[in-house]
Structures are given as C-alpha cells and as structure tokens.
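Computed from a predicted structure; not experimentally measured.
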Number of protein chains: 2
Amino acid sequence: MDPNIENESNYNPSKYRTPDGAPSDIVIFTITSTEKSTAKKALPIRELQVLLIQRKKWPFEGQWALPGGFCRETESMYECAQRELREEAGVTDVHMEYFNVYSKPGRDPRGWILSHAFFALVHEQWLLKRRADDDAADVRLVPVEEALRMELAFDHREILTDALSKVREKMLTTTIAREFLPEEFTISELYQVIQTVVPDFEERNFIRKITSTQSRKGIIEEAKDRHGEPKLSNRYSQRAAQLYRFTDFSPQLSIYS
Amino acid sequence: MDPNIENESNYNPSKYRTPDGAPSDIVIFTITSTEKSTAKKALPIRELQVLLIQRKKWPFEGQWALPGGFCRETESMYECAQRELREEAGVTDVHMEYFNVYSKPGRDPRGWILSHAFFALVHEQWLLKRRADDDAADVRLVPVEEALRMELAFDHREILTDALSKVREKMLTTTIAREFLPEEFTISELYQVIQTVVPDFEERNFIRKITSTQSRKGIIEEAKDRHGEPKLSNRYSQRAAQLYRFTDFSPQLSIYS
DNA sequence: GGAATAGTGTCTGTAAGACATTATCGT
DNA sequence: ACGATAATGTCTTACAGACACTATTCC
C-alpha cells in the first residue's frame, strides 16, 4: 500500500499538534429588581447583572472570571455549556446562545485553548435560590457596568463586551426580552426590561407602536382570563394595567423595506 | 508544596482528553453573471454559487466538501480561515465572518474534531482567475440549490444550510450586498443581487424607498464625477441609469420602533 | 414601433412623532 | 387632593403600497 495515501488504518491525528482544550465560557445575564424605597406602589429599579466566579486555581488564581469549563469528547459544545450552567449556576432550561470563539494564540497560559462563548438569560429568582444554597463567597452577581471595569481573568472582559453588544442587538431585534419577564407582563415592565439592557432605548409612543401598528401588532397579545375578559395587574400602579404575553411571532427586519 | 494545588509548574494538560483537531471550514459564496442570450442590452442572469472541493483522502474520499483545514497553534481561527481561503480558493481580502462551531460527537470519523464555520463573500472574477490557474477538476462552483441536494462530506450540508440562512438574514439587515457589487452600481443591480440571495425579496417601490425615505436615505448615495455631475451607466440598458455607492451608514433595526 | 430598462405622478390609507389630556385609585 | 402609573386624543408630516404613466435609446 502506498504509504502516502491516508486512510482509516493509518490515519494518525497525533502527528499534528492538537489543541490542549476546548472549553465553553458562559456569560450569564440576569436582571435584578429592587423596590423603590417609597412605600407606595411603584415600578422597581432594575439592573442588568452578570454572574462571575472567583478562580481558585492557577492561572489567574483569586481573580474573577466567567463560569465555564472544558468540553468532553462525548458532548457537543452546547451540551458542555448546559452542563456548566447547571454545575456552576444551578440552572437548567434557560435561554442560551453561542456567539463566538476566542482563539488568539497566547490567550490562555495553560496552552492552546479555544474558548467557546455563550450567553445565557436567566430570571433573577433562579439564581437567588442557588446563591443561598452555597454560602458562596466565590460566586457573585455583578452589575455589568462594574464588571466591565474589573480586571477579569483571561480575555474575559473582551468576551463580556462582545456578549453585551450581542444581547443588546438581540434585545431590539428579537423577542428575547421575554426571558427576563413573567409569562404575563405589563407594557411598562417590557419597556423597563428593554431599557435596562439597552439604556439608549427610548420610544415615547411605545404602547401604541407595539399594540396598534399593523407591522408589529402580533408580537404581543392581550392576556385574557377564562371568561375572555382582559386580565389586569395593579402590581406596580394604582390604576390596573393590561397584561400581555408574547406570541410566537417576530417580524423579519430589513433595511430595504 | 501541596500536590493538590495546581499551578504553572505542575499543570499538565495531557491528563485530560483533548480534541484531535480544530479546523475551520469556509462556505465561499459568489454570484455568477451570465448574459442573456438576446443580443440586446439586458440585465444578466445571476446565480448564487458555492465553492466545493473534491476530497482526495480518507475520510469521504471522492466526495464533495467545503474547503477548510486544521488550525495551527500559532494562528487564530480567523487567521486559519484566511489562510485556507488563500490556499484553496486563491483569494485574499474578502468579506469573511465566523458564524458557528460544529461539535456533535461523531461528526468526524478521524476523532474529536471541532469545525469552526465561516462564510466568505467573493466577487466572481476573483474565483474565475483561480479556476483557470489550476485546471482543477477538484474545485467547482456549484449553484447553492444544487449543492443543498448533494451528499456532502461530514456535516457539511448542515453547515451550508446554516451559512445560507445567515447570509440571507445579513443580506436584508446589513449592507453586505456591497460585497457582490462593484464600487459603483445601479439600483437594478443592487435589487438583483438581493433577489439572487433572497429569492423571496420583493419590493415594488424599491428605488423610492432606498433613495427618498428619511430613515433609509444615507445607505447609498449618488456617484458623481469630478465636476460634481451625476454619473450614469448604460451597461444594462438603453436609457442610462444613475450610479450609486454604499456609504458607511447602516441603520440600527428594531422590532420595537 | 417594439423591446427593455429607468424613473416619476398620484392617490389612499396607515404610521411616526410630538404633546396634551384624561383615567384610575391607593394613600 | 396628590402622586404615580396607565392610557387615549389630536394634529402634522412622512411613509407604504399600488398602479399608471412617461423617458430613453438601441434594434
């Protein structure tokens, strides 16, 4: 047999240098709500936070980093990220998306390591449970603006920056806002969530745009009780507000039409 | 020293199973133009094509596949893809974007191999040069619809499907149409390019929308000669058409405003 | 004149954007 | 009554969508 012809019997991956590891790292976002100090009913103060863990081992021992871990041969990258999410944040079944690979030579002192970055959007309540469980001084929710100013391990600040800009983009072009909201919510809540993620967002006639314009009507629909009567909520206000829910519809955007 | 404490001196990556390779695979799209058979001036027939190579080695020997190759320790994934683009298609300096990783266990018979998928958008002319160079029976431009029906190596049909849907989305939400057009182009050319990539696209008042609506005006601008006179082209028509060029502006889309 | 592409006129209904106003109801 | 949030009225200008029409020039 011609030794130059490669086939199953003589294929040998180890003649090439191979990566030393392919972890996934996860940017876990949540929105915290705190009641306004005034006793009266009022909209809560919301803040976008990111979950960080303090490293216990070399490299970057003691520094804060994104949760993550090495992928195994028996799982896909997405499954790996799901496992890490469960192990490190104690949550399952949340919205998670892959967004980039980080592969710059030298990015990890342990060797040739390709990080696969995901972002996850989690309800505050799921994380709160976990944080009570282990009295973890090594797991923290940090406001994103603060996290961006911290000196994070590896290239995790770059990853966080990219994740944030991806989430902001998706917040405006898809219905991921639903991931931070209960099944049924008021228009103000939705507006607040969008503004929490995208501070520049401002839309004075928000309620009309989303409820009565032809092209957008259908993104959300009024919640009704079993008698078909509109469901209202006065959680945040004296005057009860209509509750809405997201539908499965999301418009296809285009700069040309 | 506590042997349970990992640090630079005792860190040993080889105690874990590591990937057998991290290639990049590239979906190279181009749009071919063929003159209509009628002798008269007319818009060409355009078709979206993808570059495939025929594999010479195990596995999938003889089958068609996306161009690609293994990443080296000294380069980033993007640099790897650039190198492959140069080596396999003979092109440099084209628009290329990373879009996904393919990591399902068993996807590659050679072992645990993570494919990093890019798409590239190339002018037909750059590829034509190359295809003449090597009388390559092993490199082919294939119409996308045909390629999707072929039995490609590995999970390359899935990769191609994903690339196509990504490019279609970006064709409508960004100005990547420019990658398939000369510096200066007519409105019909632009419209044709969009339709070639996104067959469903239809916009009866296209010219007015893109030239005279407040929110979109600024995506393209009229080309002018050095005397400030509008530049025209009669390449495709009896009546000369205004030439346009893309600006750096691309509107921020949102489903909420 | 016909064929092919380029581009405008015109009309109707709907939406955008800006602000003022009213509604509800616990405290 | 006031404060806070919810929601509607009103007005102007702009855009969407449809379709008929004119313009240019080679054949």
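Across all strands, Ser257(B) comes closer than 4.0 Å to no nucleic acid atom at all (heavy-atom distances). Using a 4.0 Å heavy-atom cutoff across all strands shown, Arg216(B) reaches sugar-phosphate atoms only and no base atom. Backbone-only engagement by Glu203(B) is indicated by non-hydrogen atom pairs under 4.0 Å involving sugar-phosphate atoms exclusively.
Comparing Ala240(A) and Glu189(B) against DNA chain C, the residue whose closest nucleotide sits nearer the 5' end is Glu189(B). Toward the 5' end of DNA chain D, the nearer of the two residues Tyr236(A) and Asn234(B), judged by each one's closest nucleotide, is Tyr236(A).
When the C1' atom of dT8(D) is taken as reference, atom CD1 of Ile187(A) falls 14 Å away, rounded to whole Å. For Arg235(B) and dA6(C), the CZ to P distance is 11 Å, given to the nearest whole Å. If you take CD of Glu202(A) and P of dC19(C), they are 11 Å apart, rounded to a whole angstrom. Counting to the nearest Å, the C1' atom of dT24(D) and the CG atom of Leu232(B) are 11 Å from each other. At whole-Å resolution of the value, CZ in Phe201(B) and C1' in dG17(D) are 14 Å apart. In this structure, the CD1 atom of Ile255(B) is 14 Å from the P atom of dA16(C), given to the nearest Å. Going from atom CD1 of Ile210(B) over to atom P of dG7(C) covers 13 Å, rounded to whole Å. Straight-line distance from the CZ atom of Phe206(A) to the P atom of dA16(C): 13 Å, rounded to whole Å.
For Glu97(A) and His95(A), the side-chain atoms include at least one donor-acceptor pair closer than 3.5 Å. Inspection of the Tyr236(B) and Glu189(B) side chains reveals an N or O donor paired with an N or O acceptor under 3.5 Å. In this model, a donor atom of one side chain and an acceptor atom of the other lie less than 3.5 Å apart for Arg178(A) and Thr175(A).
For Gln238(B), the listed nucleotide lying nearest its side chain is dA3(C); candidates were dA7(D), dA3(C), dT8(C). The side chain of Lys209(A) sits closest to dG17(C) out of dG17(C), dC25(C), dT5(C). Closest approach to the Asn205(B) side chain among dA18(D), dA4(C), dC19(C) is made by dA18(D) (side chain taken as heavy atoms from C-beta onward). Proximity note for Leu43(B) (side chain, C-beta onward) versus dA6(C), dA18(D), dA15(C): the nearest is dA6(C).
Applying the 3.5 Å distance criterion, the base of dG17(C) shares no donor-acceptor pair with the side chain of Arg208(A).
Ring geometry, Tyr256(A) versus Phe201(B): the interplanar angle exceeds 60°, so the pair is classed perpendicular (tilted spans 30 to 60°). Ring planes of Phe185(B) and Phe246(B): tilted class, angle from 30 to 60°.
Nearest heavy atom pair, residue Val193(B) against residue Phe180(B), reads CG1-CB, 3.9 Å.
Distances shown here put a side-chain N or O of Ser188(A) below 4.0 Å from the OP1 or OP2 atom of dA6(D). In this structure, Gln214(A) reaches the dA15(C) phosphate: one of its side-chain N or O atoms is under 4.0 Å from OP1 or OP2. Within the structure, every side-chain polar atom (N or O) of Arg204(B) is placed at least 4.0 Å from both OP1 and OP2 of dA20(D).
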